[in-house]
Amino acid sequence: MSKIINIAIIAHVDHGKTTLTDHLLRQGGAFGEREEITELVMDSNDLERERGITILSKNCSIHYKDYKINIVDTPGHADFGSEVERALRMVDSVLLLVDAKEGPMPQTKFVLSKSLKLGLKPIVVINKIDKKGARPHKVIDMVFDLFIKLEATDEQLDFPVVYAVAREGIAKYEIDQESKDLTPLFETILKHVKPYPDSSDLPLQMHVTNLSYDDYVGRIAIGRVNRGKLEKNTSMVLCRRDGSIIPVKLSKLSIFEGLKQVEVQSVESGELVAVAGIPDITIGETITSAEKPEALPLLQIDEPTLTMEFLVNNAPFAGRDGKYITTRHLKERLERELETNVGMKLEDLGNVEGYKVSGRGELHLSILLENMRRQGYEISVSQPKVIFKTVHNERMEPIEQAIITVPEEFTGAVIEKLGKRRGEMTDMSTRNGVTTMTYMIPTRGLLGYRAEFIMDTKGEGILHHAFSRYERYKGDIIKRQTAVMISGDNGKTASYALHNLQERGRLFVSPGVEVYEGMIIGETMRKQDMTVNPCKEKKQTNIRAAGADEAIRLTPAINLTLEQALEFIDEDELVEITPHNIRLRKKLLTENERSRNRKE
Ligand SMILES: Nc1nc2c(ncn2[C@@H]2O[C@H](COP(=O)(O)OP(=O)(O)OP(=O)(O)O)[C@@H](O)[C@H]2O)c(=O)[nH]1
Ligand SMILES: [Mg+2]
């Protein structure tokens with residue numbers, strides 16, 4: 001039997017986790033000689049590939065010497081923090097990657113604090129030491145300070161450090177050492193992480209820490225065999241979240257080999273497994289021996305902080321683009337999502353045709369929307385709202401830590417805006433003309449800020465934020481300062497009309513685009529919405545000026561991304577999402593409806 005070591009790779013977004021996993025797999029012999037290797041193989045779904053980010057944590061494994069090392073690649077974006085937290089429950093140690101230039105970031109702190117609390121002893125990997133401006137020694141000091149701040153034990157503080165250029169598959173013990181591969185990292189893992197103790201004689205306990213779904217076998221539970229032996233055809237029970245204990249039977253038992261799942265009949269303690277056959281098994285539950293059932297602690301699942309309404313699309317163009325447009329479609333799809341999307345909550349809206357969907361942040365929910373539109377759904381979505389809590393009769397709201405890096409000259413603009421948004425600066429320093437500021441700011445205050453931030457810093461600023469905690473309500477925050485241009489007409493936009501309108505603000509539509517009454521076609525600096533006619537053609541005169549229309553110069557329309565659109569809309573507006581279009585609209589489409597609403 002090979003010795004088993006389970007590790008998770010954790011870090012702030014983009015610090016190189018998936019890249020490192022790639023090279024660990026290659027050098028750990030996970031690919032056949034002739035196998036074609038795609039880059040970032042672990043980012044396996046379409047959206048992950050397109051956006052270059054990891055959304056779901058995933059398992060793979062390698063063999064090194066006589067060890068089997070299971071690796072869990074985790075997402076770095078704050079919205080997926082609970083994915084990481086759960087991954088930590090199935091591992092024996094973590095590789096904490098830190099970018100040699102950026103140093104620790106909000107999510108570094110989050111994932112490290114969770115690891116330390118679970119008693120894990122991290123291995124610190126200072127990655128991207130090839131980067132211009134890398135400052136590995138300084139970054140180690142910063143990491144050390146972070147360990148102290150997070151109250152690491154002496155043992156945890158004594159962390160080993162490995163330097164790496166993950167992109168080249170290189171690791172070193174010392175910064176100026178020569179190295180051709182990841183051997184120093186493999187050796188450090190073997191030296192510092194004890195293989196999982198063999199307890200195959202004891203009664204079975206398998207802790208469910210992740211879920212996945214497969215059309216053929218249904219829900220799949222993933223986790224570690226914490227104790228005993230998991231044998232497919234023996235009798236076992238499931239200790240459920242509600243305290244009940246039910247007999248269960250597995251239809252499939254698999255382990256992770258390289259990038260694949262391999263079906264097996266039995267598994268020893270310590271191994272990570274995927275089991276199918278238990279339809280509504282969920283996170284935190286324990287599969288355990290029928291003779292001596294013992295549950296492991298239920299995992300706390302993070303409460304959602306942000307909510308949106310997902311409504312049936314009832315705009316005039318509904319059904320032109322999408323295959324699935326009814327409430328029933330919406331309901332089925334969202335319920336399926338609940339199978340695996342652990343941080344998500346679904347509530348009926350009662351009389352309205354739609355659902356209230358809550359999650360861990362804008363990205364969490366917008367990824368779901370993006371997946372749905374690709375699958376052929378049409379949905380209208382309301383303005384994202386934070387979820388308040390009441391504690392001891394006091395209104396509490398989610399607060400985030402934001403770390404902002406900008407060229408020094410833009411500092412003023414950022415400070416002014418964040419002040420208005422109830423941000424409180426907790427730290428500020430300037431190095432080589434670049435200022436780094438740390439803020440504690442309500443989630444509300446950050447909604448819609450990114451677009452402004454990009455403008456205010458001419459695209460040179462970097463803004464990272466992560467949920468920190470609930471705090472007392474900070475008071476009103478003024479939302480969008482601008483108003484919108486609403487189409488008062490149905491038809492195709494005309495260059496002539498748009499040319500006149502662009503003097504009043506920024507347009508979201510190009511010429512020749514079909515619009516409807518109530519659709520938002522642009523933003524204006526005025527305080528009041530304006531109803532406009534974007535379809536108006538120039539009056540035909542008898543003497544036609546040849547080519548006059550072509551001479552019209554239009555500023556290119558702004559194409560809002562899904563996230564930008566969600567951040568932009570106001571309370572009485574919706575984003576209409578279809579497979580090929582993202583449109584903004586007023587909830588009440590006609591001028592009559594809207595003016596009636598204003599009077600009420
Ligand atoms: N210069 C340099 N770039 C690197 C190195 N390692 C990774 N990168 C680059 O950093 C970017 C992010 O890498 P990923 O591996 O996707 O980062 P990640 O930590 O998995 O990101 P998330 O999963 O989204 O949190 C990619 O463009 C990599 O090519 C390195 O050692 N040096
Ligand atoms: Mg990744």
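Ligands are counted one by one from 1 in listed order, and the atoms in each one are counted from 1 as well.
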Per-atom filter on ligand 1: closer than 4.0 angstrom to a heavy atom of His15 are 19 (O)

Nearest to atom 31 (O) of ligand 1, what protein heavy atom do you find, and at what distance? Ala166 N, 2.9 Å

Are any of the N/O atoms in Gly16 less than 3.5 Å from those in ligand 1? yes

Looking at Glu174, I want to see if its CD is surrounded by more than 12 non-hydrogen atoms of other residues, nucleotides or ligands under 6.0 Å. no

Between the side chains of Ser57 and Thr74, is a donor N or O closer than 3.5 angstrom to an acceptor N or O? no

Nearest to atom 8 (N) of ligand 1, what protein heavy atom do you find, and at what distance? Lys128 CE, 3.7 Å

Pick one of side chain, backbone, both or neither for how Asn127 approaches ligand 1, counting any non-hydrogen atom pair under 4.0 Å. side chain

Give me the residue, atom name and distance of the protein heavy atom closest to atom 13 (O) of ligand 1. Thr19 OG1, 3.4 Å

In the protein, what heavy atom is nearest to atom 12 (C) of ligand 1, and what distance, to one decimal place, separates them? Asp14 OD1, 3.4 Å

Can a side-chain donor-acceptor contact be found between Thr54 and Thr18 if the only test is distance below 3.5 angstrom? yes

So do His12 and Val98 actually touch side chain to side chain, heavy atoms under 4.5 Å? no

For residues 448-461, which residue pairs qualify under side-chain hydrogen bond (donor to acceptor under 3.5 Å, both in side chains), counting only residues two or more places apart or in two chains? Lys417-Glu452, Lys417-Asp456, Arg421-Glu452

Answer yes or no for Arg360 and Phe467: cation-pi contact, defined as NZ/CZ to six-membered ring centre under 6.0 Å and angle to ring axis within 45°. yes

Is Thr18 close enough to the Mg ion (ligand 2) that one of its N, O or S atoms comes in under 2.8 Å? yes

Salt bridge present between Lys138 and Glu102 (N-O < 4.0 angstrom): no

Atom indices of ligand 1, in the order listed, that fall short of 4.0 Å to a heavy atom of Ile53: 24 (O)

Presence of N, O or S from Thr54 under 2.8 Å of the Mg ion (ligand 2): yes

For Thr54, is at least one N or O under 3.5 Å away from an N or O on ligand 1? yes

Using a 4.0 Å heavy-atom cut-off, which part of Asp130 comes near ligand 1: side chain, backbone, both, or neither? side chain

If we set the cut-off at 4.0 Å for heavy atoms, which region of Lys17 has an atom near ligand 1: side chain, backbone, both, or neither? both

Can a side-chain donor-acceptor contact be found between Glu303 and Tyr470 if the only test is distance below 3.5 angstrom? no

Looking only at side-chain N and O atoms, does Asp181 offer a donor or acceptor that is under 3.5 Å from a partner on His23? no

for atom 27 (O) of ligand 1, nearest protein heavy atom and its distance come out as Arg167 NH1, 5.0 Å

